[in-house]
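For reference, the structure discussed in these notes is given below.
For clarity, every value in this text was computed on a predicted model and none was experimentally measured. First the proteins, then the strands, lettered A, B, ... as listed; each starts at 1.
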Amino acid sequence: MNKSFREKIYSITRRIPVGAVTTYGQIARLAGNDRAARAVGFFMKMNPFAPEVPCHRVVSADGSLTGYSAKGGLARKHQLLKEEGVVFKNGRIDLSVSRWKTGETENTGPF
DNA sequence: ATTTTGACTTAAG
DNA sequence: GCTTAAGCCAAAA
């Protein structure tokens, strides 16, 4: 059970359903440290499991996109989220709608 | 143990 | 709405 924080972070991020997004702070909170938002972003950059961990569903607290180490950069991230059904407003994500709700029934897909 | 880095967050002007 | 500053945490060297 000596699971490092990074394992928790990846585990949580991997659970994010399609069409939903979450913030670094939220993941940090689920991991047990609501102040580790920075560390979360740090692990995302390492992202040893590119397609396994949907890091593109992780955005800043304002709903704005920050970085994306995978190919395509932020442009790719923005496109992926848009394709998955995430609602964008003024170039930012509408967290009121697309924010991931933990414990909720998972969606079968974008549609 | 210390230092550096980073895809964060919040507060204040 | 934007910029600056400070706080915060974890991993690697």
Side-chain angles (χ1 to χ4, degrees):
Chain A
M1 302 239 313
N2 294 336
K3 218 174 206 171
S4 297
F5 276 83
R6 59 179 269 167
E7 301 259 341
K8 288 184 181 177
I9 302 311
Y10 296 140
S11 203
I12 293 167
T13 306
R14 186 167 52 184
R15 290 180 180 169
I16 302 174
V18 178
V21 296
T22 184
T23 66
Y24 300 92
Q26 184 64 42
I27 293 175
R29 184 167 70 82
L30 293 174
N33 294 332
D34 56 330
R35 299 169 184 169
R38 251 179 167 182
V40 174
F42 188 74
F43 298 131
M44 289 296 126
K45 181 174 132 273
M46 299 179 95
N47 195 5
F49 313 99
E52 183 178 344
V53 177
C55 47
H56 61 272
R57 294 188 188 135
V58 184
V59 298
S60 67
D62 294 352
S64 58
L65 284 71
T66 32
Y68 192 58
S69 35
K71 183 183 65 165
L74 296 177
R76 182 68 174 173
K77 186 171 177 181
H78 182 277
Q79 184 174 357
L80 284 171
L81 293 171
K82 190 168 157 191
E83 287 296 309
E84 292 183 352
V86 175
V87 178
F88 278 78
K89 182 154 289 200
N90 276 347
R92 294 200 214 321
I93 294 174
D94 187 348
L95 294 176
S96 301
V97 179
S98 301
R99 191 171 184 223
W100 176 39
K101 297 171 182 181
T102 62
E104 191 178 63
T105 308
E106 298 179 9
N107 291 339
T108 57
F111 297 99

Given atom [atom1] of [X] and atom [atom2] of [N], what is their separation to the nearest angstrom?
{"X": "A:R6", "N": "C:dA12", "atom1": "CZ", "atom2": "P", "answer": "6 Å"}
{"X": "A:Y10", "N": "B:dA7", "atom1": "OH", "atom2": "P", "answer": "13 Å"}
{"X": "A:I27", "N": "B:dA7", "atom1": "CD1", "atom2": "P", "answer": "15 Å"}
{"X": "A:R29", "N": "B:dT9", "atom1": "CZ", "atom2": "P", "answer": "13 Å"}
{"X": "A:I9", "N": "B:dC8", "atom1": "CD1", "atom2": "P", "answer": "14 Å"}
{"X": "A:L65", "N": "B:dA7", "atom1": "CG", "atom2": "P", "answer": "14 Å"}
{"X": "A:F43", "N": "B:dG6", "atom1": "CZ", "atom2": "P", "answer": "14 Å"}
{"X": "A:I12", "N": "B:dA7", "atom1": "CD1", "atom2": "P", "answer": "20 Å"}

Inset, instruction - Tell which nucleotide pairs with C:dG1, taking only Watson-Crick or G-U wobble pairs whose two distances are both under 3.5 angstrom. - result: none

Inset, instruction - Could you check which nucleotide pairs with C:dC8 in any of the strands shown, counting Watson-Crick or G-U wobble with both distances under 3.5 Å? - result: none

Inset, instruction - Rounded to the nearest 0.5 Å, what's the gap from CD1 on A:I9 to OH on A:Y24? Could you check? - result: 12.0 Å

State which of [options] makes the closest approach to the side chain of [X].
{"X": "A:R92", "options": "C:dC2, C:dG7, C:dA11", "answer": "C:dC2"}
{"X": "A:F42", "options": "B:dT5, B:dA7, B:dT9", "answer": "B:dT5"}
{"X": "A:M44", "options": "B:dA7, C:dA10, C:dC8", "answer": "B:dA7"}
{"X": "A:S60", "options": "C:dA11, B:dA7, B:dT9", "answer": "B:dT9"}

Inset, instruction - Determine: side-chain N/O of A:N33 to OP1/OP2 of C:dA10, distance under 4.0 Å, yes or no. - result: yes

Legend entry - Presence of donor-acceptor pair under 3.5 Å, side chain of A:Y24 and base of B:dA7: yes

Legend entry - Donor-acceptor pair present, A:R35 side chain and C:dG7 base, under 3.5 Å: no

Inset, instruction - Say whether, by atom type as modelled, one donor and one acceptor occur between the side chain of A:K8 and the main chain of A:I27 under 3.5 angstrom. - result: no

Inset, instruction - Please confirm whether the backbone N or O of A:G67 pairs with a side-chain atom of A:K77, one donor and one acceptor, at under 3.5 Å? - result: yes

Inset, instruction - Taking the side chain as every heavy atom from C-beta outward, state whether A:E52 and A:Y10 have any atom pair closer than 4.5 Å. - result: no

Legend entry - A:H78 ring center near A:F88 ring center (under 6.0 Å): yes

Inset, instruction - Select from A:V59 and A:A39 the residue whose nearest nucleotide in DNA chain B is closer to the 5' end of that strand. - result: A:A39

Inset, instruction - Name the nucleic acid region contacted by A:T23, choosing base, sugar-phosphate or nothing; use a 4.0 angstrom heavy-atom cut-off, strictly under. - result: sugar-phosphate

